[in-house]
Amino acid sequence: MNRLIRQSLRIIAAMLLVLNTGCWSSQEIEDLSIVVGLGLDVANESKFERDIAKQGGAYPKRNVLTATVQIVPPISGRGQRQGQGQGQSQGGSSGGKAYLNEKLTGDSIFQIYRQFSVRRDRPLVGHHLKVIVVASDLAKQYSLEQIFDFILRDNDIRPSCLVVVSHRDAIEALSSSEPGEIPAFYLTGLVNNRYRSNKILPPVTLIKLDSTMQSGTSFLLQNVVTYNGEHKFSGAAIFKGSSKKWIGELTQFDVEGLSWIRGDIHGGVLKAYAPGGYTVTYEMRDSSSKIIPKVKDGEISFHIKMKSEGRLIEDWSFPEIPSTEGYLKEMEKVFEKQASKQIDQVLHKMQHVYHVDVGGFDKELQIKHPKLWKKIKDQWDDTFSRIPITYEIDIKITDAGSSTD
Amino acid sequence: MILLWSTILYYVPKWTVFAQAFLLLLIPLLLIPMFKMIRKSLNSSFSLKPDKYSPPRTKSPLEGIRMTGQFDKDVKVIRNAIGNQADVRFREIMIKGTKSRAVILYVEGLTDIDLIDSHILRPLMLQGVQEEQRNSFFHSKNIMKNYLTEQLMTVSELQPEPSLKKFVESVLFGKTGLIVEGMQEALIIGAAKGKSRSIEDPISEALLRGPRVGFTERLGDNTGLLRLHGQNESLVLTKFEVGNRVKKDLVLAYMRDIANPKLVEEVSSRIQKIEIDDPMESGYIEQLIEDNVLSPFQQVHNTERPDRVIAGLLEGRVAILLDGTPFALILPVTFSMLLQSPEDYYDRWLPGTFIRVLRFLAAMLALLAPALYISFISYHPGLIPTKLALSITETRQGVPFPSIIEALIMEISIEILREAGIRLPKPIGPAMGIVGGLIIGDAAVNAGIVSPFLVIVVAVTAISSFTIPVYSAGITLRILRFTGMFSAAVLGLFGVVLFFLLVCSHLVRLKSFGVPYVSPMTPYNISEWKDFIIRAPLKMMKKRPSMLKPNDSDRRN
Amino acid sequence: MSSSNTGPKENISTSQAAVMVINYMLGAGILTLPRTTAEAVRTPDAWISIIVSGLIVLAAGWILVSLCKRFQGKTWFQFVPEITGKWIAFLLSLLVIGYFMIIAASEIRILAEVTGLFLLEGTPIWAIVLPFMWIGLYLTLGGINCIARLYEIILPITLVFLVLALLLSSKIFDADNLKPVLGSGIMPVLRGIKPTLLSFTGYEIMLVATAFMKFPKKATRAVITGISVPVVIYTFTVVMVIGGMSINGVEKRTWPTLDLMRSFEVQGLLFERFESLLLVIWIMQIFSTFTVTLYAASLGWSQILNRKFRTFVFALLPVMFLIAMIPKDVTEAFKLGDTVGYASVFLFGVIPLILLLVSLVRKKGAKPN
């Protein structure tokens, strides 16, 4: 029995040795700063950084970009004092805010990331990063491949993170004047409104961005415009496939036209003016499109067939015109004309202003004529701007809403 | 050549790796002999060496002494043997019509006084021997006995006993003894009538629907309940005597044409190996015959419900009933039984299935919920929904402990509360629950010791573990839950998976009386799954479980 | 040779044999297969490669089992001497044992790498691997029956979780990513066969398992089920991964299936993020692959050296650990896995065929029927 006790004591000692060394990677959730938004701007050192540098707190770097991280929740009590002490949140002091913005400047995003850990007691974790905002100015200078290299390699940041472009500074897009609102969540929430408006692009997540960049085609990112702590999705930023740099923007009107071509409308509005000069509005319920590539003697052309069903939802005619079948047919023509206007404009911009294909024509050609595609894929954007595109559009008003007159 | 050598050297791991490899081998090599030793020492202390008792038992002074027929001498010997037992009464009388003295011995409180008064004293003292027969008494000594048993005493249970030792034992056990002058045999009259409960609904296994019958402390009642269940010729009740100092009756019950004879043989041989002074309760028997002493899982099922026992017997299992306890044992046990309740079969199959699925879910929760909480909070904040992460972060502000300590505080207090609730008198119990559950929980949150989210987790876990229909299985889950929490605290979600794999590995290695513990789950057998997580309609369950290798596998017979 | 098995001869049912093959096949491949195929194929036709190589493996499995069925109740290590003579058989058995050991080692290493990357950043490898191997040891000591039973427990969990997670990924599934079908002809598909074959190692466990089957005649059925299920699952996985991330996105990702799970969030659905599900089942699958190879290797040693089985289970643990630690980084670990994978094509594709022919010619072994 004595031997048994001695032996078991020895084993327990060994077990404790093992257990004591345990808990290597344990990190309590409240000791972390949860980053939900990341903004990337052209370098703009803050007063804090210049001050610190004066005190000798600088490290060798070039000022390439300024990264803003949005941390939630701004820790109440202890955390709040800390946040105000360093007073970096640009969107005003953190009183009443549900988030905390901090920014640092440097030339390596990862280094900037780690630089935060000499500033904050809670290390940043990127697991919950929801949105990355890139300022258009930065994207003009650097390729997205360079900017996103770290973000795509990192194993914390999820590929489900949304990517948008801000017309002005990214930090503005990550600020909000409304108390209690977290801008990062606000931006991701807007994407869900696609069933209400066809002015919103399908969301581009990191993984989609990565695969699009790998394939070398030109692409669009959702554009955000800001004013004084309020923001709005408006239009789209165009990125050239070869350079992955920002080359221009599409307006809301263009994006609507594009949504016709792509045929992925989940809901939206088409407003037109009837021959009588009054406003009529059409609500799309459903739409589809088919891009048909045609190859004849090596000459490529595209034909787009678009179809939509919906209802007449608003009619300012005065005196009231009853919604008879004939009237609805007439209105269908009006709406088709208006849609054509949008489509014409976006096609013009794609082919003749920016010389890029962001309408998904390449994919169709690749699927239907893979051999031809292989030959021309390297100079596709140039080829595309010379290709004739025809289209037909068919709008069908299925009902006139709850009231028929 | 040098190049090759340097490449090899480059790939040879560092010495630390060798040390780790050594540790990898060493720890199991140490652990296995330890378990072996524990097992061996456990086995040697009971059962396996039946001929070695630690203190030699003293022989009774009455051993081998028979009644002499000399009244004064016999009574004196008996008085000496019984000693100063305060509760043994001697009532001396004279049988009417003869000059024979007689003495009635009984134990106060155990004996039916009415029976003695009206059926022994009255006929002996008032009626006695009729005058016309008196003469014959002087010729033969046996006539007295025959007359008493055949004509005088109006009791059904009556037995002559020549051995003094057995006579004294019977009297002490609660029977009434009668010694008559001149007779060489004493008479033992009636049966012990100890106090026993009436048949009640068992407290530990409450059912909404089903017979309101539970076993009592008397073996006779219990076997009777089994017989009463329905007319059934194949029910066999074999009697064993267990206990070396205090002897108790034990009944092994099985269905003659269903139960596998090998199983019955194995169980009876294990019962016969039991060596213990007094098997107090069937729990003693359970622990002395189970396969794996070190396993946290019970390998014998205990129940208070006769219907459950019968259901088990009909599946081909074997039951053990012990005198003095309302808990019967059913064996072998399989994992699925722990989560089944007789009610599943009494209700229609859809509700039965629903409740069973619910129980599996609850068992999983009870086992893993706190472990998952710890691993997500301390290791993987990235694997929980963002909004949840945010609210947890907010509520955990100011909690001074890591999640494992926090969870341990709450879990241990819950366990203490539960234990206290059982011990407390009934009127105080609920009040205690309210104080403990509501006030302490609320105060702990307000004081910032634990986060409200954890309180929810702990509460859900506790409630889930109450759904387990077998109390002892619930305790198993509670023990394992703590192991799970520790493994989560050391290795996060990976630790939880390892813990789950360890529990599963243990379960697949465990056997209860030769039947694999995880039986209906594996090997895959669709017809067995009809009574596992789901409870198929009765009309579909035509077969008895094949894992028990029943003689008669058709349920319709 | 009966001394190598403790207690009475163990039996496994037909379904258990099939489940062993399934669990062995579904290993590290779940996470990496989409990338290795996409790299080789470079067109969205990767899934066709999987099906084609699945068919090849089915044929190989059938050959292997036909060989085993000729020697009922005997494992590879016991029956090869009857065909080839002692010394060649010894060599062949050593090769197979070495193969099992290296497979176990590389699975452990990949487990350590992935766990270290996504679950336990900063925890030393040994702390991840040691408890894992101990539990594997505990299970393996229970013998083939316990192993089979455990597999039967974890297989339904794996299938349900995996299919659930993959179905949820249909949120980002885009059928256009899978088009055009055979756009660049059949050549890319053929190029993809080689890497996919590596992921289908696992049927070779029948070399050992057939000997324990209750009805060895049904071994063919077991191996065919055992191979078809992983083929279906792998095909489904690759289709969902490529459909969700497009061929260009898959190529550059080290752990594409995991990244697919990380590429979407389903808000309001309790978990929101589903990589935890995938990781959980994946760890279980690695566990099953590890235990079965540990078992096979130990059984092999014990049968060719005629010693106790338990000794070798213990002895192989540190050896496997050391082998697992030899690769300096994850790329080398992959390379190690690939190398043994190629060896397996030779070992379990070509050699059984030769042996089968030899045994037919020399009339060794019994006819299966």
Side-chain angles (χ1 to χ4, degrees), chain A residues 15 18-27 123 125-130 145 149 152-162 185 188-189 191-192 202-217 262 264 291 293 360 362-374, chain C residues 38 42-45 113-128 130-131 134 169 171-172 174-185 188 241-256 258-267 272-275:
Chain A
M15 295 289 278
V18 174
L19 283 178
N20 270 345
T21 48
C23 318
W24 295 268
S25 19
S26 161
Q27 186 81 7
V125 286
H127 299 292
H128 290 285
L129 189 57
K130 290 279 177 194
E145 255 177 3
D149 192 69
L152 287 171
R153 280 172 199 257
D154 190 62
N155 60 345
D156 278 358
I157 297 172
R158 287 169 61 92
S160 63
C161 175
L162 182 74
F185 291 171
T188 41
V191 175
N192 294 334
V204 177
T205 55
L206 269 182
I207 188 72
K208 254 192 193 166
L209 180 72
D210 186 32
S211 55
T212 321
M213 289 200 300
Q214 293 292 341
S215 70
T217 54
R262 287 181 168 182
D264 61 348
I291 300 175
D362 51 348
K363 188 73 198 172
E364 291 303 319
L365 189 67
Q366 187 189 345
I367 291 172
K368 298 279 156 56
H369 303 281
K371 294 224 170 75
L372 176 70
W373 166 252
K374 252 190 190 163
Chain C
R42 305 188 66 85
T43 68
D45 304 323
E113 296 291 341
V114 172
T115 314
L117 191 63
F118 290 102
L119 287 177
L120 296 169
E121 214 168 353
T123 304
I125 286 188
W126 62 266
I128 295 172
L130 257 56
W134 286 331
S169 83
K171 201 176 175 219
I172 54 167
D174 183 0
D176 276 351
N177 285 334
L178 287 168
K179 291 183 204 164
V181 176
L182 292 178
S184 317
V241 171
I242 293 178
M245 296 166 49
S246 90
I247 199 84
N248 295 306
V250 176
E251 267 178 88
K252 299 290 169 206
R253 293 264 151 190
T254 319
W255 313 103
L258 206 51
D259 276 332
L260 176 78
M261 293 301 142
R262 287 156 54 83
S263 300
F264 65 94
E265 287 174 12
V266 188
Q267 268 179 7
E272 191 173 304
R273 342 192 120 186
F274 294 93
E275 66 258 36

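So you know, we letter chains A, B, ... as the sequences are listed, proteins then strands, and number each from 1.
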Under 4.5 Å from any heavy atom of chain A - which part of C:Glu251: neither

Does any heavy atom of chain A fall under 4.5 Å from the side chain of C:Lys179, the backbone, both, or neither of them? both

Report yes if the side chains of [X] and [Y] come closer than 4.5 Å at any heavy-atom pair, otherwise no.
{"X": "A:Gln214", "Y": "C:Ser246", "result": "no"}
{"X": "A:Pro159", "Y": "C:Arg262", "result": "yes"}
{"X": "A:Gln27", "Y": "C:Glu121", "result": "no"}
{"X": "C:Thr254", "Y": "A:Arg153", "result": "no"}

Chain C contact via [X] - which portion, at a heavy-atom distance below 4.5 Å:
{"X": "A:Leu162", "result": "neither"}
{"X": "A:Leu152", "result": "both"}
{"X": "A:Lys368", "result": "neither"}

Under a 3.5 Å distance rule, please check whether A:Lys363 uses its side chain to pair with a backbone N or O of C:Asp176 as donor and acceptor. yes

A:Asn155 and side chain to side chain contact (heavy atoms under 4.5 Å, CB included): which single residue from C:Leu117, C:Leu258, C:Asp259 fits? C:Leu117

Could you give the distance from NE2 (A:His127) to CZ (C:Arg273), rounded to the nearest 0.5 Å? 9.0 Å

Exercise: identify the closest heavy-atom pair between C:Met245 and A:Ser211: O-CB, 3.2 Å

What residue in C:Ala127, C:Pro180, C:Gly249, C:Gly185 has the most heavy-atom pairs under 4.5 Å with chain A? C:Pro180

